[in-house]
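Labels below follow one simple rule: chain letters A, B, ... track the order of the sequence lines, proteins then strands, and each chain is numbered from 1.
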Amino acid sequence: MFDFLLSSLTFAGIYALMALGLNLQAGYAGLLNFGNIAFAGLGAYATGIVVQAGGPAWAGAATGIALAMALGWCIARLGRQLGSDYWGIATLAIAEILRTVATNEGWLTGGANGITSIPSLFEGLARPWNAVAFLAFVLGLVALAAWGCSRLGSGRFGRALRLMREEPKLAACMGYDLQSLKSRAVMGGAALTAIAGSLYAHYMSFAGPDYMLAAETFLLWTMVMIGGLGNIAGVLVGVLVVQAAHTLVPFAKDHFQFSSDTAGAMRIGLIGLILLACLLWRSEGLVPEKLRKIP
Amino acid sequence: MSEKLLHIAGLGKAFGGNVVLDGVDMAVARGEIVGLLGPNGSGKSTLLNIATGFEALDRGSIVFDGTPIEKLAAHRIVGRGIARTFQLPSMPTRMSVMEVAMAASTARHGVWDTLLRPAPARQAEQAARDKAARLLRELLLEPVRDLPAAALSGGQKKLLGIVCALMGDPQMLMLDEPTAGVHPNLRNDIVQALLRLNAAGMTLVVVEHDMHFIQSLCTRCVVLDRGRIVASCRPDELASNERVAEAYLGAAAHQRAEAAQEAFA
Amino acid sequence: MIEVRDVVAGYSREVDILKGIALDAREREIVTLLGPNGCGKSTLLKTIAGFLLPRQGSIRLEGAEVAQRTAPDKVRHLGVGFVPQTENVFSVLSVRENLQVGGHYLPRDKVAARMDELCTLYPVLGRKLKSPAAALSGGERQILALARALMPRPRMLLLDEPSAGLSPKVLHEVFDAIVRVREQEGVTVLMVEQNAMEALRISDRAYVLSMGQVALEGRAAELLRDPQMRALYLGGRTQ
Amino acid sequence: MLQLLIDTLLRASDLALVALGLSTVYGLVKFPNIAHVQIAMVGAYAAFALHAAALPLPLAIALASVATGALALALHVAVFQRLLRGGPAIAMIGSLAVAMLIVAGVQGFAGSFPRMFNLPLAQPIVLGTARISQTQLWAMSVTGVLLALFALLLFATRAGRALRAMASNAPLAAASGLQAGRLTLGVSFGSGALAGLGGSLLALSTGAHVQLGNDLLLPVFAAAILGGLGNPLGAVAGAVLIALAETLFTNLNFGWAVGRELAFLPVAYIGAASFLILLLALLFKPYGLFDREVRRV
Amino acid sequence: QDSIRMGAVLSLTGSNATVGEDVRRAVALAADKVNAQGGVMGKKFEVVIEDSGGNATTALNAARKLVTVDKVPVIIGEYSSGITLPMAQYIVKEGVAHINIASTSVKIRDLGATSFNLIGLENLGNKFSAADTWALGYRKVAMLAPNNAYGQGVAHGFKEEFEKLGGKIVTELLYTQGQSTYRRELQQMARSQPDAYIYTAYGQESAVINREAFELGLRQQPWYAILLSMSLSDTPADIAKGQLGMEVGNVYGEAGKAYAEAFAAKYKEGIKTSYTGYAYDAVLLTAAAMNKAKSTDTAAVQAALKEIGKGGYVGVTGPIVLDAERQRVDPPYAKLKYDGKVVPR
Ligand SMILES: Nc1ncnc2c1ncn2[C@@H]1O[C@H](COP(=O)(O)OP(=O)(O)OP(=O)(O)O)[C@@H](O)[C@H]1O
Ligand SMILES: Nc1ncnc2c1ncn2[C@@H]1O[C@H](COP(=O)(O)OP(=O)(O)OP(=O)(O)O)[C@@H](O)[C@H]1O
Ligand SMILES: CC(C)C[C@H](N)C(=O)O
Ligand SMILES: [Mg+2]
Ligand SMILES: [Mg+2]
């Protein structure tokens, strides 16, 4: 049970990093990135490839972050003139293209089989302690990211992003370079998400094209929306709620003796239900973004 | 009065065959307050949009403070010292009035500055806060400073637009109908505020339809009609200019203008 | 014609914007609402038009209680025409289509004739029938918005700052047109204006609002003459 | 050549009806409804169930689309109308939730095995070198006729104009006396019915299965975006373009270039190809290929 | 604890839900059978089934729950290699036994000390089908397979084996799953004018492929399905008619027949995919091992599994013999054809 809890929390932490990355783009800057998971994919694959080639873990993560930020820069460029819905779908398309490449370029990515046997971090430690160390490491990163994000959000840069999110024209006439704001927001989000992707690859010992399924991005969106778009605490709450629901379904099934089709349906349905209920009754999320009062 | 701050030459613009600006030449000297007048649809806003980089021009040149700016993006032009307001202002729903005003300050907004907040960044923030508070007070927006900016009434949004433009200490301010929908009493306050800014060295270009406003503010008026400049004169000469009277003020303008003058005498 | 009593309304539950307003407009009258920015003029107009349902109070149109009826209903069945302060045209539709939508409930054969009438009244529109409304200048929009509302020959017009952004010439044309519409079609007009001097000139009566309440009311001519009134509300401060 | 055309049209008609409904709803209420493709999936199951209950196929399909229309209507009233108060992003994520619930519901109810229509096997019609089956011919004609009708409805009738007015500015439409409620309901019903029809026609060859909606999601969105969201006929054109791109991609022989008899681009990239087209198109026409809206500063 | 448990991770939702559900039925049937014979060590026997949702994370989570909460000694599953590999790696790392019942990637071999495998992996399957098609006289063939771990393995492996025999692959296509039509792919294959079409596809997709191949007139050439019963599971009989193919052995001998009948009797439907037999065997094998070890400790059960694997246990998929690497020796394959239903040829 302890192990299970550890791993659930570790997953939650990893997803929290991704969700914070998404929030930086979607919550602050209003960029509907539906391809966010591509950054995680880059992080995971970079880790897989570098580590398999004998490189150290940090080099894998760094490569992943660099690649993701480069991709982020390109995506933001693409956003120069696209309307936000259109941009969202364009990012979705980019993630799909990347996934197709990952599935087909076997020489680099191991094809549909993916890259296996990626060593975990802290393998030197004895049994429960390696998992504990991993969790502590992840949570540390989450705390750091949350602190950074909330600092960004309430400061000058965040203000610029939020203004761009709602009134881009006004922001431009105040002298903000929207293009650079966008690039920086997306690249920041990309870096966070890529770190998470790299951790994910280590934790699962595996990197595969399924990491980049559109459904994964939707899951991130679900977390962010349940919690509260634009609010750090909200995002973290959202991650916890979704992760808890995912974790609990198998137990609920054992407890109430559901049939397998029902249990399967429940796994998808429960998240849908929570999300819908949240949206209907608390459309700004469980912890909504507050108007920031300046004394 | 001799130094030309803004120099527009041969400006032309058409939207899909519809010629909106047709060879406009116009110069604004440092320290002037120029009123840009003209019938609806004559191209005033378009001129402003082009000058501030929000719209591309078809031909012509614009020189500001000695450098050509016609190819620059909007934010770069702002950086060079031209600020503007919009004719139809829209404001964000999830930012407070104060925040919007603060956002308009031109202090740096780097990621690292925001993240690490070194002393200079903190001081800049404090300065911006003081300035925003002062401007809001001057334009009677103090009571609504913590409301979402989008919840302001039409006129209040206009005022907030002016506050934003003033946050950046521009060399030149371009106002697109700053008082349409603003309460008359406040118009006088705005005139006073603008005159003060002018006295402190700011150059103004104002698009406006309210003749009282124009007359109490401007040092010179440029009248646009169907994309061409038809007059450039002192405000009090407007009513006697036939082209202007016919195209802009309307046939009965004389009597009405006089009646209005009388009423205020 | 229009009879508003003790109306309390607001956008959220907690905050009242209108705090007990009483106001009348008699048949064929032009009534102007004045007041500082944010005092609730637009809110009042929206409440009468049916976009906001009042929490309290009564609104009667031609004797019938209509406080809880919705905007489309009032427009279709009670002859109300409304021009909002902002976003008052369909920007993706052409000028022609804007007018046609305005005349959606006219009999089919009457639409074209009515459109011609309005285009002669406002030649700008005639010239731009095919262009999308989004391309219009601020003033052109204002005219289109008014014309759209006039399409179905309303009996009551609610205008939110119809003159904002109009050049003096057109402003006078618009005001003249309002007067003419009143004369020819017997319309009652309730309008919000910041151009107080101009508006009062064509109005019969006026109300001055302040903080969601009526601060002053009277005949337009008298208000125009009243120096205190001018000083406080009409911008006639000595210079 | 003819076969290429037929293949293109077949794939396009698979996507067109669903994309059309999606785009229309978007135009009206300004949010991309992710659950729309799942409604198509429900339509497929409904048509299957009715057909299995011994109804003649056309009737089964017609009833199924009425049923999905009703479903879309109910969803709109019960869910989206409320969500829309919070803005389009909320509504879009809400539609994601609804999509999950529909998938869960169908899986719980109908199980996970695909349901294949039991249709008599007829020899295809041969036109020169090209072949097309009768069912497909029917499905294509139905799609074509409906599309034409829809275009007529939208651009030549008052109701269509009212619809566009509402899409452009809902409060002002109310100020013009248009009953937002009824029109929106009508459109929701119509788009649901179109999706259901599209889904059932599709299921004639693929069968009704739980993944049907998910499989449609990306291509349908690509089509709708390519044509400009909110522009229903653009969506149809987008569907044709995507189908054409995919078909050309698989059929262009690059043998001459590499000195072999036959050489094709790898079909594994077929999906990527249509997305690439989408990206390129958006790069040059940021609001879709058929966007004519004027955006003023 | 009043019952004795083992675990299974199956794809009950997601794109392979059909297989998942079919296998779940077999697992339930097997548990019933064990209990009917008196359970394990006199106690009720139970298989805790978790959903993989068709993705690796959920599968891994499910496995984690089985290992750390339910503390089962043996876990069977998943289906697609892309999911089984990371999941099994975790299971093996925890020292728990994993029995592979459906994944065919060659990497399954290398999972490690506590992994067991009952099914023939790609390399064997490809060798078998290449030899079979060669024997049928095909020399120039077109190949169609899904673009996933399984399809890539089959396409590349078959090509290698077939070319070793001297044959030629004139087109090799990996189709994108979940399309509404595959006409374009089919036509591209037709342009290379092969002697025969070799394909493998999941039930619902191959229903579309088969129908369209028929409509395009491509059935004049022979069609050969790798994993015939999977490929034809949703294709109407009159379209499927005449196809040849091979299959990982599903049911075999007396035991197999009895199992197929019991399955049909319980679910009012026949077996749909070939993996059910392996799942059934895996459950029965586990129960037998627990009984033999008289323990539910995973190490003891593993030792017993190895022991039983030496002796040759007769399952519904035929005799099961495991080599030193815990891989099945001579996994069964069958040559089949479709003639109203799938029958041996
Ligand atoms: N993006 C555009 N596309 C097409 N036509 C446009 C566009 N922008 C402006 N126009 C047209 O150009 C002309 C001038 O518009 P502009 O907004 O500059 O007028 P204006 O002088 O500001 O008028 P007003 O005083 O009414 O605001 C108008 O006729 C308008 O229809
Ligand atoms: N949608 C809204 N939500 C919340 N508050 C609002 C909303 N619209 C207006 N308000 C508030 O209601 C008050 C009155 O607004 P209203 O628009 O009626 O003013 P107004 O008298 O028309 O002013 P103006 O002359 O500037 O147009 C303002 O203080 C404004 O902040
Ligand atoms: C069709 C199946 C044999 C696929 C297999 N389970 C795999 O993915 O490895
Ligand atoms: Mg203008
Ligand atoms: Mg107002």
Side-chain donor or acceptor of B:Arg117 paired with backbone N/O of A:Arg151 under 3.5 Å: yes
Atom CZ of B:Arg129: over 12 foreign heavy atoms under 6.0 Å: yes
Region of B:Ser96 that comes under 4.5 Å of a non-hydrogen atom in chain A: both
Side-chain H-bond candidate by donor/acceptor type, A:Arg156 with B:Ser105, under 3.5 Å: yes
Donor-acceptor under 3.5 Å (A:Tyr176 side chain, B:Ala103 main chain): yes
Structural part of B:Ala133 lying under 4.5 Å from a heavy atom of chain A: neither
Under 3.5 Å donor-acceptor, B:Thr114 side chain and A:Phe157 backbone: yes
Spacing of A:Leu163 atom CG and B:Met102 atom CE [to the nearest 0.5 Å]: 12.5 Å
Pairwise side-chain contact, B:Thr93 with A:Glu166, heavy-atom cut-off 4.5 Å (strictly under): yes
Student check: side-chain heavy atoms of B:Val100 and A:Met174 closer than 4.5 Å: yes
Spacing of NE2 belonging to B:His75 relative to SG belonging to A:Cys173, to within rounding of 0.5 Å: 13.0 Å
Contact class of B:Ala104 relative to chain A, heavy atoms under 4.5 angstrom: both
B:Leu147 portion near chain A, given a 4.5 angstrom heavy-atom threshold: backbone
Heavy-atom pair with the smallest gap, counting every atom of A:Leu291 and B:Asp146: CD2-O, 3.4 Å
Under-4.0 Å salt bridge between A:Glu289 and B:Arg94: yes
Max heavy-atom pair count under 4.5 Å with chain A, selected residue of B:Met91, B:Met167, B:Arg76: B:Met91
Over 12 non-hydrogen atoms of neighbours within 6.0 angstrom of CH2 in A:Trp147: yes
Test item: B:Glu99 side-chain N/O and A:Arg159 main-chain N/O as donor-acceptor pair under 3.5 Å: no
Considering all heavy atoms, the nearest B:Phe86-A:Lys169 contact: CE2-CE, 3.6 Å
